[in-house]
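Everything on this sheet refers to the single structure shown next.
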Amino acid sequence: MHNAYEESSILNITVQIESMAAYDDNLLIGTREGHLLMYNVPSVPDEHHKLELLRHSKNFNKKRITQIEVVPEYNLLIILTDNIVCVHDLNSPNFQQVCQLQKTRGAILFALDVQSTQSLTGEKNTVVRLCVAVKRKLQLYYWKGKKFVEFKDFELTIPDIPRELCWCGEALVLGFRGLSYTILDLNGKTKELFPTGKSPEPSVTKLSDSSFVLGKDSQSFVMDTKGELVQHNPVKWTDIPSAIAWDDPYLLGIVHDKLEVYTIDGCLHIQTIKDLNKARLIYRCRQGKVFVASTSHIWCVRAVDVTLQIRTLLEQTQFQLALKLTSLSDVSEEEKTKQIYKIQTLYAHHLFRNKRFQEAMDLFLKLGTDPYEVIMLFPDLVTPSVNNEVSDQTELPKLQDHDLEKGLRALIVFLTEVRHKLMSDNTSKGNGRPKENGKDKSLLLLMEGEKNMTAVATEQLLKIIDTTLLKCYLQTTDALVAPLLRLNHCHLAEAEKTLLMHQKYPELIILYQTKGQHRKALELLEKHAKENDSSLKGTARTIQYLQHLGKDHMDLILKFAGWVLNEDPEQGLRIFMEDIQEVEQLPRPKVLDYLLRSHKDLAITYLEHVVHVWEDTNPLFHNVLIHQYKEKCLTCLSEDATPAEKQMAQHVRQKLQQFLEKSAHYTPETILVHFPFDRLFEERAIILGRVGGHQQALSIYINLLNDVQKATEYCHNVYTAYHQNHRENADKQKQSDGGADQVYVLLIQQLLTEPEQRAATGCGSPEIQRTAQPDLEMALQLLEKHASKINPLKALEVLPDTVPIGRIKHFLEVSLQEKLNARRRIQVLKGLLCAEHLQVQEQRMHYESQSVLMTEFNICPVCKKRFGNQSAFARYPNGEIVHYSCQDRKG
């Protein structure tokens with residue numbers, strides 16, 4: 001696939017290589033003859049940096065050196081030779097032996113675990129653990145001081161002699177020849193895995209503290225410490241590998257005379273290095289450096305420069321592997337972040353070109369890619385002025401039908417998430433600068449952690465996002481257009497053009513409304529109101545629109561309310577009468593003036609709503625409503641009026657009379673001036689009663705209407721109202737009641753007065769003929785019936801002298817009794833007040849009789865100070881004396 005490694009032959013020796021280990025630039029070789037060699041292998045091989053033999057111990061041991069491991073942190077060299085584990089000093093000239101683990105005699109192999117940690121203070125600590133397989137037992141040790149200490153009471157018995165042993169976190173992985181693999185935790189709990197397969201030799205390779213690779217025939221399976229498969233697809237070698245090493249992200253295996261390289265993720269074959277004659281050992285020194293050995297030859301396999309690998313991988317669209325290599329590279333964190341962003345962006349575009357839209361959008365969102373850049377992947381969504389920029393990009397797939405819809409839906413999800421982020425961060429306004437990931441941006445990037453954006457940039461970005469979302473919704477989900485427009489930042493001209501092209505007139509109304517283009521919206525509503533096939537047909541939408549405009553757009557409301565009121569007066573009046581906040585806050589005098597000038601027939605309905613429903617107490621509306629009632633009655637009572645109009649006049653007149661009687665907010669003086677003298681007499685009498693013209697009102701009832709019953713009811717209402725308010729407002733009542741307390745006397749006087757005399761004090765219209773004759777009998781009946789309400793002296797003044805005393809006996813008796821009762825009540829009240837006065841005086845004398853003796857020994861209980869000669873003090877009811885200034889502080 002590509003060259004990930006380059007091999008070079010570094011050593012050819014005559015002795016037989018049995019084992020090897022490496023660290024940093026050092027290579028240690030153990031031979032079958034018991035020799036131990038240490039070489040320095042330069043990082044960059046060239047003619048000036050050749051292999052250097054550092055130490056050669058020919059007499060290190062007489063037996064073969066089976067296994068070698070090093071711990072550079074403690075300069076430890078751990079060797080298995082002659083079936084015993086020995087520890088040597090790595091820095092001493094002849095690898096001086098530090099100690100020998102006598103209990104490990106008979107050892108088959110060992111496994112080393114080195115864990116380095118760093119404390120909060122920055123101090124590094126390295127823990128070394130050793131597991132030794134001695135026949136069918138496992139021994140555990142840990143390094144402490146300058147020796148390996150065995151774990152107390154810890155020795156595990158296993159079913160067979162292991163041929164592979166590996167630490168993996170807090171577990172041990174064992175492989176038995178011809179049998180199976182087993183996971184063993186430090187508590188002794190085991191879990192059997194699968195058999196080793198046709199190959200008798202097991203293969204265990206550690207990947208991390210939680211995962212490892214097990215070999216079965218020509219396949220390698222990735223497992224975790226719970227015994228579960230990490231991925232179901234195994235790595236498939238060309239044949240059974242004799243040795244395997246892990247050099248992240250590659251798995252290297254020796255297969256015959258070749259070194260095969262695979263990846264764990266995706267199990268991709270990367271490279272095959274040939275001509276490694278009889279290679280049998282492999283050891284990873286550090287990242288990108290692996291040693292391969294045969295019995296007499298050693299090769300150094302170095303990783304090709306990461307930059308070259310990444311370039312090749314990007315050409316082959318292997319983005320995940322390129323990302324892995326970038327994360328493992330030794331460049332600075334800033335440069336690494338830039339490279340990762342660039343690769344992920346290329347990967348996202350690759351996913352898009354392969355129509356994996358949702359994956360691409362998820363990655364764009366994770367990267368915080370400029371939404372404008374993502375939108376340009378859909379040329380049809382971009383305005384023509386920007387299409388020139390799009391054409392310069394890599395050729396984009398032509399999306400149609402199902403693919404287009406799928407792509408747009410993925411774009412909707414992306415833009416919605418970005419929009420939500422912008423809206424939530426919009427409150428934190430700052431001068432945030434964009435991260436520059438190797439390229440200039442036309443808009444600010446939404447990178448992770450970049451939450452501070454200027455308000456202008458945010459608004460600009462929201463405008464582009466919302467306009468694009470509108471276009472996407474129109475092609476995928478019409479139902480989402482209206483909710484978007486109700487709270488949008490769309491570009492007005494572009495959105496207007498798009499909606500008109502799709503003939504989405506209701507949605508266009510919403511756009512105009514949110515953008516404050518109310519005149520355009522109302523003109524469009526008026527235009528489509530009379531079109532039968534239009535979704536905006538009728539007046540309902542216009543009425544609803546006008547109702548929510550508010551008082552700031554009063555002129556616009558009055559301008560467009562006209563055609564609605566002409567088309568449907570009853571529904572159109574809801575523009576000014578609906579019980580919603582915006583309508584109730586409209587300037588009512590201005591609305592009334594408009595209706596009186598242009599739609600006078602609707603003024604009464606509007607005024608009734610204002611007065612009765614909204615309970616407005618402004619005298620203007622009460623006065624105008626009375627005038628409208630009056631004009632309606634006069635019009636319907638004309639000589640040429642139809643029977644229906646006359647019937648309507650009776651209904652309106654009834655409402656007028658009720659309103660005149662109940663309303664307390666009209667100005668009767670103003671109303672009376674405009675009322676006619678030749679008709680609507682009863683209404684005039686009600687108004688006269690309001691201004692205190694009781695005599696004139698009674699004259700109308702008696703002389704013009706000849707209705708004693710209504711005159712009597714009038715007197716009852718006036719007298720009752722007077723006495724209810726008399727006590728609270730006596731002085732004012734005397735000034736403006738117009739003789740309300742003597743209203744019954746005025747009625748009797750009207751009944752007894754001659755017609756000629758009535759004319760002088762009549763209703764103010766001399767041309768009206770008064771024909772009612774004096775009715776003494778009726779006057780006497782009223783006198784007897786309402787005797788308690790009539791002043792006897794005033795009554796006697798108006799009664800004729802010819803009336804026999806017997807006829808007024810009952811009246812006089814009732815009047816006299818009423819006066820006596822009133823006198824008795826006054827006397828009782830006087831006595832009670834006198835008694836109360838005496839009680840108060842007695843109580844005063846009681847308190848004044850008490851005395852307080854003040855001496856120089858008196859102490860204030862609040863401030864604990866003595867009273868001076870000039871001290872002011874206060875005495876409480878319980879007898880305590882305190883300074884006057886201390887009384888508020890006493891608890």
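By convention here, the first residue in the shown sequence is residue 1. Values in this document were obtained by computation on a predicted structure and should not be read as measured data.
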**Study point:** Derivation and outcome, side-chain contact (heavy atoms from CB on, under 4.5 Å), residues L698 and V743
**Key:** CA-CA 9 Å; L698 290 171; V743 66; 4.0 Å; yes

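- E531 CD: more than 12 foreign heavy atoms inside a 6.0 Å radius.
- When the shell of 6.0 Å around NE2 of H651 is examined, it contains 12 or fewer heavy atoms from other residues, nucleotides or ligands.
- Within 6.0 Å of NZ on K406 lie no more than 12 heavy atoms contributed by other residues, nucleotides or ligands.
- Summarising the geometry of T416 relative to Y473, their closest heavy-atom pair is OG1-OH, 4.0 Å, with the distance given to 0.1 Å.
- Between C472 and L408 the shortest heavy-atom distance is SG-CD2, 3.9 Å.
- Here L565 contributes atom CG and H599 contributes atom NE2; the two are 4.5 Å apart, rounded to the nearest 0.5 Å.
- The nearest pair of heavy atoms linking K590 to D555 is NZ-OD1, 3.2 Å.
- Minimum interatomic distance between G689 and H694 (heavy atoms only, all atoms of both residues): O-CE1, 3.6 Å.
- Paired with H518 under the rule ring pair (Phe, Tyr, Trp, His ring centres under 6.0 Å), one option of Y512, F560, Y545 passes, and it is Y545.
- For the residue pair Q650/R653, the side-chain donor-acceptor check at 3.5 Å is not satisfied.
- Two rings, from H349 and F364, have their centers less than 6.0 Å apart.
- Within 6.0 Å of atom NZ in K632, 12 or fewer heavy atoms from other residues, nucleotides or ligands are found, so the atom counts as exposed in its surroundings.
- Within a 6.0 Å radius of NE2 in H674, more than 12 heavy atoms belonging to other residues, nucleotides or ligands are found.
- Aromatic ring pairs are classed by plane angle as parallel below 30°, tilted from 30° to 60° and perpendicular above 60°; the pair F659 and H612 is perpendicular.
- Residues F378 and F352 bring their aromatic ring centres within 6.0 Å.
- Between Y701 and Y714, the two ring planes are tilted [angle within 30° to 60°].
- Evaluated for a side-chain contact (heavy atoms from CB on, under 4.5 Å) with I580, the options R574, H548, Q585 yield exactly one hit, H548.
- Residues T477 and R409 have side chains that bring a donor and an acceptor to within less than 3.5 angstrom of each other.
- At least one donor-acceptor pair under 3.5 Å links the side chain of T467 to the backbone N or O of H491.
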Exercise for review: Kindly determine whether I510 and V481 satisfy side-chain contact (heavy atoms from CB on, under 4.5 Å), including the steps that lead there.
Suggested key: CA-CA 10 Å; I510 299 175; V481 174; over 6 Å; no

Exercise for review: Given salt bridge (charged side-chain N to carboxylate O under 4.0 Å, His left out), test K520 with E496 step by step and report yes or no.
Suggested key: CA-CA 11 Å; K520 282 188 174 183; E496 180 183 26; 3.7 Å; yes

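- In this structure, a donor-acceptor pair under 3.5 Å is absent between the side chains of Q657 and Y629.
- In summary, the side chains of D362 and Q358 do present a donor paired with an acceptor at a separation below 3.5 Å, with no hydrogens or angles considered.
- Tested against K655 for a salt bridge (Lys or Arg N to Asp or Glu O under 4.0 Å), the candidates E661, E683, E608 yield a single pass: E608.
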Point to revise | Working for side-chain contact (heavy atoms from CB on, under 4.5 Å), residues I375 and I464 | key: CA-CA 9 Å; I375 294 170; I464 293 175; 3.7 Å; yes

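- For K504 and D478, the salt-bridge test passes: some basic side-chain N is under 4.0 Å from an acidic carboxylate O.
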